[in-house]
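Proteins come first, then strands; the chains are lettered A, B, ... in the order of their sequence lines, and each starts at number 1. Atom set for the values below is all heavy atoms of this structure, side chains included, hydrogens, waters and symmetry mates excluded.
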Protein chains: 2
Amino acid sequence: MPEFLDLHGSTNKAVRAVADAGMRHLGLHLGQNHVLALLWEQDGRTPGEIAATLHVTTPTVVKMATRMATAGLLTRRRDDRDNRLVRLWLTEAGRALRQPVEQQRERLENHLTADLTEAEREQLISALTKIRRRALELLADGDPTDAEPR
Amino acid sequence: MPEFLDLHGSTNKAVRAVADAGMRHLGLHLGQNHVLALLWEQDGRTPGEIAATLHVTTPTVVKMATRMATAGLLTRRRDDRDNRLVRLWLTEAGRALRQPVEQQRERLENHLTADLTEAEREQLISALTKIRRRALELLADGDPTDAEPR
DNA sequence: CGCCATTCATTAGACGGCTAACGATTCGGA
DNA sequence: TCCGAATCGTTAGCCGTCTAATGAATGGCG
């Protein structure tokens with residue numbers, strides 16, 4: 001009885017959509033909130049650092065940073081000592097979003113898992129962790145998915 | 001103890017990546033396989049039908065269809081009786097992918113859930129179903145996520 | 001019968017991701 | 001000291017997904 005793949009995908013899509021809706025009326029897009037979260041914790045990080053932390057490629061962060069700069073959430077400034085580096089600094093607007101965004105995220109998570117008992121929630125997290133680990137292994141192994149299944 | 005959102009997102013990303021890798025060496029991109037699956041089951045569907053079945057918007061299907069036509073997987077042809085409609089017809093190449101793709105998908109699913117007991121798998125599916133339902137409700141309700149949480 | 005609302009597909013453009021190619025800068029070793 | 005290797009960010013371009021705007025065809029109602 002397969003169909004786990006589709007279920008997980010469609011769940012993700014639904015969750016994403018509602019999270020995006022939630023963020024949108026705070027004036028930002030989904031994904032930007034992750035960058036912001038890192039800068040709230042420590043301002044002036046570089047795109048590379050952020051990308052590594054978020055498990056995302058550098059170009060992705062660069063693009064987001066460009067939009068966020070346009071939106072007035074942060075500014076770019078090259079590092080004085082190492083001119084290859086660029087550091088992202090929050091604006092006042094970027095800092096101001098911290099409290100509402102964090103609150104919104106928590107509320108969303110509670111809403112979504114409201115139908116689960118505490119035990120169910122723990123099992124869910126455990127199961128997802130296992131699956132993710134498997135997926136990462138497959139990726140690292142040069143995905144022998146088409147080779148002999150054994 | 002939040003963090004379910006991030007876990008779910010990162011799991012999805014990993015799963016997606018490995019699935020995409022698997023599809024790529026069969027010569028197609030992730031997402032195309034869903035369109036193909038529908039056409040295998042019934043050839044000659046319209047973009048609108050496919051979009052509705054996949055819970056995706058019509059433009060998404062149109063774009064994929066364009067690429068898939070370029071890739072030689074299917075052809076477009078307008079319906080004779082209702083000229084507004086466009087019907088997508090598999091080419092021989094598109095039909096030929098059925099067996100390998102389905103096999104690959106099943107293998108992938110087994111790999112990913114290999115660390116779960118049967119009970120765990122069932123609980124996982126149950127939990128995801130509940131969460132997805134919640135998410136869809138929130139979307140439908142005009143997402144009162146920012147309104148009074150009560 | 002003719003016109004307007006409905007129904008489809010397509011196009012345009014945005015977001016989040018990714019890979020590949022470039023360009024600039026720093027650093028280390030000969 | 002100087003040049004090539006390593007390190008960064010940026011650009012270009014593709015995939016999947018969405019919304020909004022356009023365009024073409026059908027259908028129903030007066």
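- For B:Thr46 and C:dA9, the shortest distance from a side-chain N or O to OP1 or OP2 is below 4.0 Å.
- Nearest nucleotide to the B:Arg84 side chain, out of D:dA6, D:dG16, C:dT6: C:dT6.
- Remark: C1' of D:dG9 and CD of A:Glu49 are 13 Å apart, rounded to the nearest angstrom.
- Two residues are said to be in side-chain contact when any heavy atoms from C-beta on lie closer than 4.5 Å; B:His8 and A:Asn12 meet this criterion.
- At D:dC18, one or more side-chain N or O atoms of B:Thr57 fall inside 4.0 Å of OP1 or OP2 (strictly under the cut-off).
- Per the geometry, CG belonging to A:Asp79 stands 11 Å off P belonging to D:dC8, to the nearest Å.
- Of the side-chain N and O atoms in B:Arg67, one or more sit less than 4.0 angstrom from OP1 or OP2 of D:dG16.
- In terms of position along DNA chain D, the nucleotide closest to A:Ala65 lies nearer the 5' end than the nucleotide closest to the other residue of the pair B:Asp80 and A:Ala65.
- Counting non-hydrogen atoms under 4.0 angstrom, B:Val86 reaches the backbone sugars and phosphates but no base.
- A salt bridge links B:Arg95 to B:Asp43: one of the charged nitrogens lies within less than 4.0 Å of a carboxylate oxygen.
- For the pair A:Arg87 CZ and D:dG9 C1', the computed distance is 13 Å after rounding to whole Å.
- Dashed line: the shortest gap from a side-chain N or O of B:Thr60 to OP1 or OP2 of D:dC18 is under 4.0 Å.
- Among the heavy atoms of the strands lying under 4.0 Å from B:Arg81 are primed sugar atoms or P, OP1, OP2 only; no base atom is included.
- If you check distances only, the side chain of A:Lys63 never reaches the base of D:dT10 with a donor-acceptor pair under 3.5 Å.
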Under the side-chain hydrogen bond (donor to acceptor under 3.5 Å, both in side chains) criterion, do A:Arg76 and A:Thr66 qualify, and how do the steps go?
CA-CA 9 Å; A:Arg76 269 186 169 91; A:Thr66 300; 3.1 Å; yes
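- The distance between atom CG of B:Leu74 and atom P of C:dA9, rounded to the nearest whole Å, is 14 Å.
- If you take CE of B:Met68 and P of D:dG16, they are 9 Å apart, rounded to a whole angstrom.
- Among the nucleotides D:dT10, C:dT26, D:dA25, the one closest to the side chain of A:Val62 is D:dT10.
- The nearest whole Å value for the distance from the CD1 atom in A:Ile50 to the P atom in C:dG17 is 13 Å.
- Counting only distance, with no hydrogens or angles, the side chain of A:Arg78 and the backbone of A:Asn83 share a donor-acceptor pair below 3.5 Å.
- Two residues are said to be in side-chain contact when any heavy atoms from C-beta on lie closer than 4.5 Å; B:Trp40 and B:Leu90 meet this criterion.
- No donor-acceptor pair closer than 3.5 Å links the side chain of A:Arg87 to the backbone N or O of A:Asp79.
- Comparing atom distances between the A:Pro47 side chain and each of D:dA24, D:dG9, D:dC8 picks out D:dG9 as nearest.
- Closest to the B:Leu85 side chain, of the nucleotides C:dA9, C:dC15, C:dT26, is C:dA9.
- The distance from atom CE of A:Met64 to atom C1' of D:dG9 is 15 Å, rounded to the nearest whole Å.
- What separates CZ of A:Arg16 from P of D:dG16 is a distance of 15 Å, to the nearest Å.
- Where A:Pro59 and A:Leu30 each meet DNA chain C at their nearest nucleotide, the meeting point lying more 5' is that of A:Leu30.
- Checking the phosphate oxygens (OP1, OP2) of D:dT10, a side-chain nitrogen or oxygen of A:Arg76 falls inside 4.0 Å.
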